[in-house]
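Every value quoted in this text rests on a predicted model; they were computed, and no experiment measured them.
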Amino acid sequence: MSKPKKWTLASLIIIVLAVIAGIGYGVGHKDTAEALQSQQWTLTSQEESNTVNFKKDNTMILGKEPMTENFKYSIKKQGNVEYLKLTHHEDLGSDGKYYFKIKKTDSGYSLTLDKGKTNQPAKNAMYGMTDKNNLVSK
């Protein structure tokens, strides 16, 4: 074989292996939102624990019936930090907007409140959440 054909064949093999590796990573890898939606969680803090469910429609349900609170959630990455944003609709006044730094742990996720991003209505009504919480899989 001539040199150009060897390089072409080698390049083709490398590209095929890269595609297969990428597909394998995509099949086995879940992003944070998919991981949260895939099971039920217990939210624990120093003060209490509560059941948490993350739905595909970006609703997070905190607590058990008949005592639940609904939040809209989104997960965004800024640099190397991932944030869980929770929005709680208030009938009177401004909606509470919570920003937690979310980090994978051995037992689930740690949630640390970002006080600079979280608005005052959220700080006034924490719904059993604290500055430091853990999401533990059930």
So which atom in Ser45 and which in Gly128 form the shortest heavy-atom distance, rounded to 0.1 Å? OG-O, 3.7 Å
Rounded to the nearest 0.5 Å, how far does CD of Gln37 lie from CG of Asp57? 9.0 Å
Non-hydrogen atoms of Thr42 and Ser49 that approach each other most closely: CG2-CB, 3.9 Å
Check whether Asp95 reaches the backbone of Glu90 with its side chain - one donor and one acceptor, N or O, closer than 3.5 Å. yes
My understanding is that a hydrophobic cluster links ILVMFWY residues whose side chain heavy atoms are under 4.5 Å apart, including indirect links. Using that, what else belongs to the cluster containing Ile102? Leu36, Trp41, Leu43, Val52, Phe54, Met60, Leu62, Phe71, Tyr73, Ile75, Leu84, Leu86, Tyr98, Phe100, Tyr109, Leu111, Leu113, Met126, Tyr127, Met129, Leu135
Do Lys117 and Tyr83 form a cation-pi contact, if we require the NZ or CZ to be under 6.0 Å from the six-membered ring centre and within 45 degrees of the ring's axis? yes
For Thr105 and Ser110, work out which heavy atoms get closest and say how close. CG2-N, 3.8 Å
With the side chain counted from C-beta on, respond yes when Asn124 and Gln120 share a heavy-atom pair under 4.5 Å apart, and no when they do not. yes
To the closest 0.5 Å, what do you measure between NZ (Lys77) and CG (Asp31)? 10.5 Å
Is it the case that atom CD in Gln46 sees more than 12 heavy atoms from other parts of the structure closer than 6.0 Å? no
Residues two or more places apart in sequence or in another chain: which of them pass side-chain contact (heavy atoms from CB on, under 4.5 Å) with Asn80? none
Rounded to the nearest 0.5 Å, the NZ atom of Lys101 sits from the CD atom of Gln78 at a distance of 10.0 Å
Using a distance-only test with no angle check, is there a side-chain donor-acceptor pair under 3.5 angstrom linking Lys72 and Thr59? yes
Does Lys132, at its NZ atom, have more than 12 non-hydrogen atoms belonging to other residues, nucleotides or ligands within less than 6.0 Å? no
With sequence neighbours excluded, tell me which residues meet side-chain contact (heavy atoms from CB on, under 4.5 Å) with Lys64. Thr51, Lys138
Take a 6.0 Å sphere around NZ of Lys103 and say whether it holds more than 12 heavy atoms from other residues, nucleotides or ligands. no
What verdict does the side chain to side chain donor-acceptor pair (under 3.5 Å) test give for Glu82 and Thr32, after you've listed the backbone C-alpha separation in whole Å, the side-chain angles of each residue and the deciding distance to 0.1 Å? CA-CA 9 Å; Glu82 221 171 4; Thr32 303; 2.9 Å; yes
Are Thr118 and Lys97 close enough that some pair of their side-chain heavy atoms sits under 4.5 Å apart? no
